*Asks:* 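Take a look at the following structure, please.
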Amino acid sequence: AQSVAQPEDQVNVAEGNPLTVKCTYSVSGNPYLFWYVQYPNRGLQFLLKYITGDNLVKGSYGFEAEFNKSQTSFHLKKPSALVSDSALYFCAVYILTGGGNKLTFGTGTQLKVEL
Amino acid sequence: DTEVTQTPKHLVMGMTNKKSLKCEQHMGHRAMYWYKQKAKKPPELMFVYSYEKLSINESVPSRFSPECPNSSLLNLHLHALQPEDSALYLCASSQDQRNSFYEQYFGPGTRLTVT
């Protein structure tokens, strides 16, 4: 089955330290991968995407993600975490179905950045 | 303008009521989506409209009825809901559902409570 997985329910990091939120994928064909962030009681905000080209993708708010085809991973990273980065993060991939393309989300990772 | 708006922000309804959720975007997007999200869980796709035609229905119960009056508007009509339907309902749009590389833009959601 085609899917994405986020192996960590929660990640804790101290402010100023680098952060990584992990995502692995399983798709047939070329993967189109996305990261979204959700703050409490809000909708999802698009952070970045990998379609093709450079394996290091830069996105909003200083976030970046590294596409690794051999490890089927697309981990989200930030060199220096802020308390305001604390939120729920979702990795997602498009899957082609009979009705067209459908965005499938991972289970989410709660990021907590502490002072 | 990358905004998707949703009304109302909050809705409380009884099991015998009829109500509607509304979504609007003015980005010229031709794909619009309805998702249901429970707390701390990923969004679950309900419906997709592509060029104002229903392209995906994820086997959603008939008490939920979508409508796409034009390319900018998306409605979700609710009737005879159950308490387990209480959730955050998210609307999203993207440039075109036929291609997998367009990100989706999400609205802030409607918090629905069924009593």
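Residue numbering restarts at 1 for every chain, and letters A, B, ... go by the order of the sequence lines. Quick caveat: nothing in here was measured; it's all calculated off a predicted structure.
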*Asks:* For residues 107-115 of chain A, give me every residue with a non-hydrogen atom less than 4.5 Å from any non-hydrogen atom of chain B.
*Replies:* Thr107(A), Gln110(A)

*Asks:* Find out if a path of hydrophobic residues (ILVMFWY) with successive side-chain heavy-atom gaps under 4.5 Å connects Tyr33(B) to Ile56(B).
*Replies:* yes

*Asks:* Under a 4.5 Å side-chain heavy-atom rule over Ile, Leu, Val, Met, Phe, Trp and Tyr, are Val114(B) and Val12(B) clustered together?
*Replies:* no

*Asks:* Side chain, backbone, both or neither: which part of Thr104(A) has a heavy atom under 4.5 Å from chain B?
*Replies:*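 Neither part; nothing is under 4.5 Å.
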
*Asks:* Find out whether Gln38(A) and Leu88(B) are in side-chain contact, i.e. whether some heavy atom of one side chain is under 4.5 Å from a heavy atom of the other.
*Replies:* yes

*Asks:* In Å, rounded to the nearest 0.5 Å, how long is the span from CZ of Arg98(B) to CG of Asn101(A)?
*Replies:* 10.5 Å

*Asks:* Non-hydrogen atoms of chain A under 4.5 Å away: do they reach the side chain of Glu44(B), the backbone, both or neither?
*Replies:* neither

*Asks:* Kindly compute the distance separating CD (Gln97(B)) from NZ (Lys102(A)), expressed to the nearest 0.5 Å.
*Replies:* 11.0 Å

*Asks:* Enter the distance from Tyr35(B):OH to Leu44(A):CG here, rounded to the nearest 0.5 Å.
*Replies:*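 These two atoms lie 9.0 Å from each other.
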
*Asks:* Does Leu90(B) belong to the same Ile/Leu/Val/Met/Phe/Trp/Tyr cluster as Met13(B), with side-chain heavy atoms less than 4.5 Å apart forming each link?
*Replies:*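 No; Met13(B) is not reachable from Leu90(B) via cluster members.
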
*Asks:* Does one hydrophobic cluster hold both Leu48(A) and Phe106(B), with members joined at side-chain heavy-atom distances below 4.5 Å?
*Replies:* no

*Asks:* Where does Lys9(B) contact chain A at under 4.5 Å (heavy atoms): side chain, backbone, both or neither?
*Replies:* neither

*Asks:* Sort Gln6(B) into side chain, backbone, both or neither according to what part of it lies under 4.5 angstrom from a heavy atom of chain A.
*Replies:*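 Interface part for Gln6(B): neither.
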
*Asks:* So which part of Asn99(B) gets closer than 4.5 Å to some heavy atom of chain A, the side chain, the backbone, both or neither?
*Replies:*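 The backbone, not the side chain.
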
*Asks:* Tell me if the centroids of the rings in Phe101(B) and Tyr94(A) come within less than 6.0 Å of each other.
*Replies:* no

*Asks:* OH/Tyr102(B) to NZ/Lys49(A) distance, rounded to the nearest 0.5 angstrom?
*Replies:* 8.0 Å

*Asks:* Of all the residues in residues 60-92 of chain A, which have a heavy atom that comes within less than 4.5 Å of a heavy atom in chain B?
*Replies:* Leu88(A), Phe90(A)

*Asks:* Let me know if Ile51(A) has heavy atoms under 4.5 Å from chain B in its side chain, its backbone, both or neither.
*Replies:*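 The side chain, not the backbone.
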
*Asks:* With heavy-atom distances below 4.5 Å as the criterion, would you say the side chains of Leu103(A) and Leu45(B) are in contact?
*Replies:*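 Side-chain contact under 4.5 Å: no.
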
*Asks:* Tell me whether Trp35(A) shares a hydrophobic cluster with Tyr39(A), the cluster being built from Ile, Leu, Val, Met, Phe, Trp, Tyr side chains joined at under 4.5 Å.
*Replies:* yes

*Asks:* For the residue pair Glu103(B) and Tyr36(A), establish whether any side-chain heavy-atom pair is separated by less than 4.5 Å.
*Replies:* yes

*Asks:* Does a sphere of radius 6.0 Å around CZ in Arg30(B) hold more than 12 heavy atoms from other residues, nucleotides or ligands, not counting ones at 6.0 Å or beyond?
*Replies:* yes

*Asks:* Using a cut-off of under 4.5 Å for heavy-atom pairs, which of Gly109(B), Ala92(B), Pro108(B) has the most such pairs with chain A?
*Replies:* Pro108(B)

*Asks:* Using 0.5 Å steps for rounding, measure from the NZ atom of Lys40(B) to the CG atom of Asp9(A).
*Replies:*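 Rounded to the nearest 0.5 Å, the NZ-CG separation comes to 11.0 Å.
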
*Asks:* I need the residue from Pro43(B), Ser55(B), Cys91(B), Gly107(B) with the largest number of non-hydrogen atom pairs under 4.5 Å to chain A.
*Replies:* Pro43(B)

*Asks:* Is any side-chain heavy atom of Asn41(A) less than 4.5 Å from a side-chain heavy atom of Arg111(B)?
*Replies:* yes

*Asks:* For Gly106(A) and Pro42(B), work out which heavy atoms get closest and say how close.
*Replies:*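 Closest approach of Gly106(A) to Pro42(B), heavy atoms only: O-CB, 3.2 Å.
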
